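None of these values were measured; they are calculated from a predicted model. Chain letters run A, B, ... following the sequence lines, proteins first and then strands; every chain starts at 1.
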Number of protein chains: 2
Amino acid sequence: MFDQIDRKIIDILQQDTNKSVVDIANEVGLSHTPCWRRIKRMEDMGLIRSRVALVDRRMANVGMTIFIAIKVPRHNSVWLDAFRKEIRDIPEIMEAYRLTGETDYLLRVVVPDIEVYDQVYQNLINRLEFSDLSSSIAMEEMKFTTALPTKYM
Amino acid sequence: MFDQIDRKIIDILQQDTNKSVVDIANEVGLSHTPCWRRIKRMEDMGLIRSRVALVDRRMANVGMTIFIAIKVPRHNSVWLDAFRKEIRDIPEIMEAYRLTGETDYLLRVVVPDIEVYDQVYQNLINRLEFSDLSSSIAMEEMKFTTALPTKYM
DNA sequence: CGTGAAAGTCGCTATCC
DNA sequence: GGATAGCGACTTTCACG
């Protein structure tokens, strides 16, 4: 489905979308037309979902990252729907996963400081019942990338 | 530093970089020249870090997300440097944070399936000593966004 | 896949208000 | 901040080998 050249193109586009098709074509050893055809194909089939700007967390004044591990007693659908809606609507929540193991859900939240985090936190527990909810502050972001590994494509 | 129009521009660019400056200018109620000047300014100052392509996880054959919670007995600098290098070099590791609380580090890993995950896992524990290392499989990705909230800017 | 070429759009800059 | 104008670069598509 995808060959080595496709992977190279994806590697490049996952790092920088500002490069022109001609530049990318040179990097992967193609001329611009077939290179453009490949990019177009991968966009049309949905492999390339979107092109977005990545913004600096500190400069956007959301330098603090906090993880919330959530335990829920029994999941009924009404509660779950409400939970899903909250997650979707709260812009400070960047990621949310339903997990196996002890914690049922894991959220990654970004805020300017602890005061604002407390507001987000209070807001959440006032609207929904939780069995247990524990926060961990990220002292350091050691790695953050949006570039998926291409070796399994 | 940033006004409401800047925030609107960032909101748009965080969702879609394919829009032309003219389109963005129309959306935020400016003509294209001042709009372009604002974007340029935010790029030059580093608020807009980069423009990247977001790739579909499933189609890239890394549909499985796993979190690794790591505990370390005592952090010496040699171990930490080696740990940092591993995190940086393993492409399946998308995020890594140093946390407060019980777990010292939290990693988000993407792989095609459990077999490959086991390879990544074995690879990691063969190269470095850990006090404790527990994996949680993400059954469902409920939310994932790269768009930071702009209300604190 | 390659070359070449065409057309249209866009980024970017400058100038003047 | 707005308007206009311009150049060059880029995207996108074509025909043809």
Point to revise | Nucleotide nearest B:His32 when distance is taken to its side chain, options C:dT3, C:dG11, C:dC12 | key: C:dC12
Practice item. Using chain B heavy atoms and a threshold of under 4.0 Å, write down where along DNA chain D the contacts begin and end, 5' to 3'. Key: D:dG1 to D:dA5
Review point. How would you label the contact of A:Ser20 with the nucleic acid (heavy atoms, under 4.0 Å): base, sugar-phosphate, or nothing?
Key: sugar-phosphate
Review point. In terms of side-chain geometry, is the basic nitrogen of A:Arg98 or B:Glu141 positioned less than 4.0 Å from the acidic oxygen of its partner?
Key: no
**Study point:** Lys/Arg N to Asp/Glu carboxylate O, B:Arg49 vs B:Glu43, below 4.0 Å
**Key:** no
Point to revise | A:Glu86 and B:Lys143: CA distance, side-chain angles, deciding distance, salt bridge (charged side-chain N to carboxylate O under 4.0 Å, His left out) verdict | key: CA-CA 11 Å; A:Glu86 287 300 322; B:Lys143 184 174 187 177; over 6 Å; no
Practice item. State which of C:dT13, C:dC10, C:dC1 makes the closest approach to the side chain of B:Lys40. Key: C:dT13
Exercise for review: Scan A:Phe67, A:Phe83, A:Phe130 and name whichever one has a ring-ring contact (aromatic ring centres under 6.0 Å, His included) with A:Tyr105.
Suggested key: A:Phe83
Check your understanding: Taking OP1 and OP2 of C:dC12, is either one under 4.0 Å from a side-chain nitrogen or oxygen of B:Trp36?
Key -> yes
Point to revise | Centroid-centroid under 6.0 Å between A:Phe144 and B:Tyr97 rings | key: no
**Study point:** Residue of the set A:Ile137, A:Ile114, A:Val120, A:Leu107 for which side chain to side chain contact (heavy atoms under 4.5 Å, CB included) holds with A:Ile66
**Key:** A:Ile137
Practice item. Using heavy atoms to find the nearest nucleotide of DNA chain C for A:Thr33 and A:Arg38 separately, return the residue whose nucleotide is more 5′. Key: A:Arg38
